[in-house]
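Report on one structure; see the data block that follows.
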Amino acid sequence: MAPDAPLGALEIQRRGVGPRDVRIDIRFCGICHSDIHFARGEWGEIPYPAVPGHEIAGIVAEVGSEVTRYEPGDRVGVGCMVNSCRECENCRAGNEQYCLAGNTQTYGSVDRDGTITYGGYSDHVIVDEDFVVRIPDGLPLDAAAPLLCAGITTYSPLRHWNAGPGKRVAVVGLGGLGHMAVKIAHAMGAEVSVLSQSLRKQEDGLKLGAGAYYATSDDTTFTELAGHFDLIINTVSAPLDMGRFLSLLRTDGALVNVGAPPEPLSVPVFALIPQRRTFAGSAIGGIRETQEMLDFCAEHGITAEIEVVAAGQVNEAWERVLASDVRYRFVIDSATLEDGR
Ligand code: NAP
Ligand code: ZN
Ligand code: ZN
């Protein structure tokens, strides 16, 4: 209800099922750090009341008369966006996340009918079929939910910057996005290292697929690994000293920021110029790519490491995310929403 208010139960109104809409019974919804940045107004003012949640996994309950790809009973997901202009060059190329008119976000956006979108911390959602993806049978809905944001947000830059055999990839921050980045980069065949604040989660990181694990609190990490990586995926939700991390890239290497702290990051150009390094950003992924990522995860047996929570535990879960005490994604069991337990 307000930037500093705890989350509570709220009744919301959704539009009716239009001809191209799918009504989804939400079974599980992941908790992304973006939900917290957003709901607390850290990225700018937002309309309240707000309903976060963009890692939605559920079952199709009803479809509109013109829907062709889904039917009741299908296992489906919805990620961070629910519409886009469909006409600009980026939409036509399948990069709806970079829609030049701005995509319609799953929550906090103005929808086509002028209402504000409400996210997945709720019992159902109504979405145009073009923005719904299919969750392969092999993936359990609870552990697949986080793939809809954490999975695609790391898969897309790993693919774009060609993570694969012979490539050294570092993942900064072992949280929700970070642990997915480790699993996916490993499955792509890259040599993966984790750069975490401490060695507290080292054993987990190695189990998830990392070949090496380093503490960024230890200065020798930065001397030992200077010029070492082809690609660094920074998932950290707070500003870091970018110069130190850029120095870990080889010639022509790229550091891709997916972490989205509200504060600006300062980038020393002399960490870029001498080795023709790239500093880049990346947002989620397109719808086609999201389906490709889900199929890739099914093929490689990849899901998130999750802790399922009831609706009544969400405030506590948020505090634990903020304290980097998440292993590695909280997922809300939507069955507990109705009575706010
Ligand atoms: P998360 O689960 O909280 O993970 C962030 C990790 O960063 C923590 O587990 C911690 O890892 C590290 N960290 C946190 N605070 C730190 C600090 N002060 N200094 C150094 N390291 C710190 O969050 P998430 O859900 O993965 O999201 C991460 C960020 O990505 C958020 O800013 C979120 O908004 C953003 N995001 C962006 C996109 C996109 O499309 N670009 C999509 C989704 C999320 P260690 O304990 O291992 O150090
Ligand atoms: Zn997210
Ligand atoms: Zn567009």
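Numbering of ligands and ligand atoms starts at 1, following listing order.
The N/O atoms of Pro261, backbone and side chain alike, include none that comes under 3.5 Å of an N/O atom in ligand 1. For the pair Ser196 and ligand 1, the shortest N or O to N or O distance falls below 3.5 Å. Considering backbone and side-chain atoms alike, Ala260 places an N or O below 3.5 Å from some N or O of ligand 1. Of the polar atoms of Ile284, at least one N or O is found under 3.5 Å from an N or O of ligand 1, judged by distance alone.
Looking at Ser217 and Gln197, their side chains never bring a donor and an acceptor atom within 3.5 Å of each other. A side-chain N or O of Asn83 and one of Arg86 form a donor-acceptor pair less than 3.5 Å apart. Side-chain polar atoms of Glu203 and Tyr213 form no donor-acceptor pair below 3.5 angstrom. Side-chain N/O atoms of Tyr98 and Asn103 include no donor and acceptor closer than 3.5 Å. Counting only N and O atoms by type, the side chains of Ser122 and Arg14 include a donor and acceptor under 3.5 Å apart. In summary, the side chains of Asn234 and Asn257 do present a donor paired with an acceptor at a separation below 3.5 Å, with no hydrogens or angles considered.
In the displayed structure, Arg15 atom CZ is contacted under 6.0 Å by more than 12 heavy atoms of other residues, nucleotides or ligands. For Glu263, the CD atom counts as densely surrounded, since its 6.0 Å shell holds more than 12 non-hydrogen atoms of other residues, nucleotides or ligands. No more than 12 heavy atoms of other residues, nucleotides or ligands sit less than 6.0 Å from atom CZ of Arg288.
Considering CG of Asp74 and CD of Glu129, their distance stands at 11.0 Å, rounded to 0.5 Å. Note that OG1 of Thr303 and CD1 of Ile135 are 11.5 Å apart. Values are rounded to the nearest 0.5 Å.
Coordination check, His54 versus the Zn ion (ligand 2): passed, since an N/O/S atom of the residue sits under 2.8 Å. Cys80 lies apart from the Zn ion (ligand 2) in this respect, since none of its N, O or S atoms is found at a distance under 2.8 Å.
Aromatic ring centres of Phe222 and Phe245: separated by under 6.0 Å.
Nearest protein heavy-atom neighbour of atom 9 (O) of ligand 1: Gly175 CA, 3.3 Å. Atom 2 (O) of ligand 1 has its closest protein heavy atom at Gly176 N, 2.9 Å. Atom 11 (O) of ligand 1 has Leu174 N, 3.3 Å as its closest protein atom, hydrogens excluded (heavy atom only). Nearest protein heavy-atom contact of atom 46 (O) of ligand 1 is Lys201 NZ, 2.8 Å. What sits closest to atom 43 (C) of ligand 1 on the protein, heavy atoms only, is Cys149 SG, 3.2 Å. Among all protein heavy atoms, the one lying closest to atom 31 (C) of ligand 1 is His37 NE2, 3.5 Å. Taking atom 8 (C) of ligand 1 as the reference point, the nearest protein heavy-atom neighbour is Ser324 OG, 3.6 Å. With hydrogens left out, the protein atom closest to atom 28 (C) of ligand 1 is Thr235 O, 2.9 Å, a heavy atom.
In the candidate list Leu195, Leu177, Ile152, Val171, Leu177 is nearest to atom 26 (O) of ligand 1, counting heavy atoms. For atom 21 (N) of ligand 1, the candidate residues are Gln197, Gln202, Glu55; the nearest heavy-atom contact is made by Gln197.
Between SG of Cys85 and SG of Cys88, the angle at the Zn ion (ligand 3) works out to 110°, rounded to 10 degrees. Vertex the Zn ion (ligand 2); arms to Cys149 atom SG and Cys32 atom SG; angle 130° (nearest 10°).
Ile233 is not listed as a side-chain neighbour of Val172, based on a closest heavy-atom distance of 4.5 Å or more.
Within the 4.0 Å heavy-atom cutoff, Ile31 does not count among the residues contacting ligand 1. Between Arg329 and ligand 1 there is a heavy-atom distance shorter than 4.0 Å.
Annotation for ligand 1: atoms under 4.0 Å from non-hydrogen atoms of Val321 are 3 (O). Atom numbering of ligand 1 starts at 1 in the shown order; those under 4.0 Å from a heavy atom of Ala238 are 17 (C), 18 (N). Here is the list of ligand 1 atoms found below 4.0 Å of a heavy atom in His33: 1 (P), 3 (O), 23 (O), 24 (P), 25 (O), 27 (O), 31 (C). Ligand-side atoms of ligand 1 in range of Leu240: 19 (N), 20 (C), range being under 4.0 angstrom from any heavy atom. Per-residue contacts place Ser34 under 4.0 angstrom from the following atoms of ligand 1 (heavy atoms of the residue considered): 33 (C), 34 (O), 35 (C), 36 (N), 43 (C), 44 (C). Using a 4.0 Å cut-off to heavy atoms of Trp43, the atoms of ligand 1 that qualify are 34 (O).
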For this session: Give the C-alpha distance, both sets of side-chain angles, the deciding distance and a yes or no for side-chain hydrogen bond (donor to acceptor under 3.5 Å, both in side chains) between Asp295 and Gln291.
Result: CA-CA 6 Å; Asp295 297 342; Gln291 188 63 61; 3.2 Å; yes
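Heavy atoms of Trp318 found under 4.0 angstrom from ligand 1: none, in either backbone or side chain. At a 4.0 Å heavy-atom cut-off, ligand 1 does not touch Val194 at all.
With a 6.0 Å cutoff to the six-membered ring centre and a 45° limit on the axis angle, Arg168 does not count as a cation-pi contact of Phe229.
Minimum interatomic distance between Ser324 and Lys201 (heavy atoms only, all atoms of both residues): O-NZ, 4.0 Å.
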